[in-house]
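Structure first, commentary second.
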Amino acid sequence: MKYVTEAFQTNWIAPLGPNVDAFEKEIAEKVGVNDAVAVSSGTAAIHLALSLLGVGKGDKVFCSTLTFVASANPILYQGAEPVFIDSEPDTWNMSPKALQRALQESFAKGNLPKAVIVVNLYGQSAKMDEIVSLCNMYRVPVIEDAAESLGSSYKGIPSGTFGIMGIYSFNGNKIITTSGGGMLVTNNKELAVKARFLAAQARDNAIHYQHSQMGYNYRLSNILAGIGRSQLEVLDKRVLERREVFKRYVKGLHNIDGISFMPELTNSISNRWLTAVLVSEEAGVTSSQVITALAQENIEARPVWKPLHLQPLFKNCKYFRHSETIDVATEFFQRGICLPSGSNLTIEDQDRVINCIKQITNKSLVMGG
Ligand SMILES: Cc1ncc(COP(=O)(O)O)c(C=O)c1O
């Protein structure tokens, strides 16, 4: 309220102003990059990143398949063609093995992608070392979609800072929010300047309104940036709270056969934005039976993202599996559940979720599975 009130009192009700400047500076400091550009959504940030890399009609862009559609929609905005890459079991994120095959194949055909969009699912970082070094080998730039992983780290380095550009989302459901908003981060000054330019209708430097290039209306408002500044002050607390939620689920459910948790990669810290579990045969129930049982108790749980290569929108797009025989993302979709994970989830409410899962899995055991 302090930052928002200040914006009203000083009449900065615009997509620019002191809160925008300060929010950008504070995010850049927090994640250790040279520059940050506040925009109206994470999707807008991905779109700007693709546009800045010159992605256009007919180009290919590789993208993680196990993600929200917003990771790939901007590829279509640019008239380019997504190619989806499977997950691997250690992180549930982009499989370096599948990426390697995809790069090798496209190199052999003289058709390398213009960019690779790597998603950090539910707060867990992908294996960025392997992915970045593969992409460097082929000189393909990496855009890190860290919409869900602000506050996480990989080998001590903040999530979102590994590619040529990274993006965060401040959508209402994220670890911190501005109700709607996003940020593009980069160490490349030139890209940051150009991103600000494109996000503000690409207005040339003249006293009159002059435009030589197509732009977008993507800047974040000074009011929302005020919310973002105060939210950023509680980011570390939110990460701790979400990690506590995760720990309580583990404590409550670890004894149940057939329920396993999304792993945390050694040397990485996940913000545990969502606690995700896999249900296997030994549980005696399917993931959709668990979701239905929870719904009957008025508890909302969801399957993990439906992989993009399975979406009707992308039905003609190429897909590279983790291996010839294993399609990790599809299996996770069939077996995965995201449990209620809000940082304000009460212990009583969480116990209701845990007890419900215990009951349905027990029942199946009693009934002989
Ligand atoms: C992985 C991922 N990428 C991109 C986005 C898009 O962010 P926004 O909703 O701010 O446009 C989201 C979330 O909404 C997301 O979860």
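Just follow the structure's listing: the first ligand is 1, and inside any ligand the first atom is 1.
For ligand 1, the polar-atom distance check finds no N/O of Thr67 at less than 3.5 Å from any of the ligand's N/O atoms. Considering both main-chain and side-chain atoms, Thr43 comes within under 3.5 Å of ligand 1 through a nitrogen or oxygen pair. For ligand 1, the polar-atom distance check against Gly42 finds a nitrogen or oxygen pair separated by under 3.5 Å.
Taking a cut-off of under 4.0 Å to the non-hydrogen atoms of Gly181, the atoms of ligand 1 that pass are 10 (O). Close approach of ligand 1 to Ser71 (heavy-atom distance below 4.0 Å) involves ligand atoms 1 (C), 2 (C), 3 (N). Near Ala70, the atoms of ligand 1 lying under 4.0 angstrom from a non-hydrogen atom of the residue are 4 (C), 5 (C), 6 (C). Taking a cut-off of under 4.0 Å to the non-hydrogen atoms of Ser169, the atoms of ligand 1 that pass are 7 (O), 8 (P), 9 (O), 10 (O).
Every heavy atom of Ala44 sits 4.0 Å or more from the atoms of ligand 1.
The distance from atom CG of Leu253 to atom CD1 of Ile357, rounded to the nearest 0.5 Å, is 5.0 Å.
By the criterion of a heavy-atom distance under 4.0 Å, the side chain of Ala147, and not its backbone, is placed next to ligand 1.
Screening Glu88, Arg321, His322 against Ser95 for a side chain to side chain donor-acceptor pair (under 3.5 Å) leaves a single residue, His322.
Counting only heavy atoms of the protein, atom 3 (N) of ligand 1 lies nearest to Asp145 OD2, 2.8 Å.
Salt bridge status for Glu24 with Arg219: present, with a side-chain N to carboxylate O gap under 4.0 Å.
Between Tyr249 and Phe261, the distance from one ring center to the other does not fall under 6.0 angstrom. His309 and Tyr319 have their aromatic ring centers within a separation under 6.0 angstrom.
Legend: side-chain hydrogen bond (donor to acceptor under 3.5 Å, both in side chains) pairs involving residues 129-138, not counting sequence neighbours, sorted by first then second residue: Asp129-Lys155. Applying the ring pair (Phe, Tyr, Trp, His ring centres under 6.0 Å) test to every pair with at least one member in residues 31-64, sequence neighbours left out, gives these pairs: His47-Tyr77, His47-Tyr216, His47-Tyr218.
Nearest to atom 13 (C) of ligand 1 by heavy-atom distance, out of His47, Glu148, Lys174, is Lys174.
A donor and an acceptor atom, one from each side chain of Tyr3 and Glu233, are located under 3.5 Å apart.
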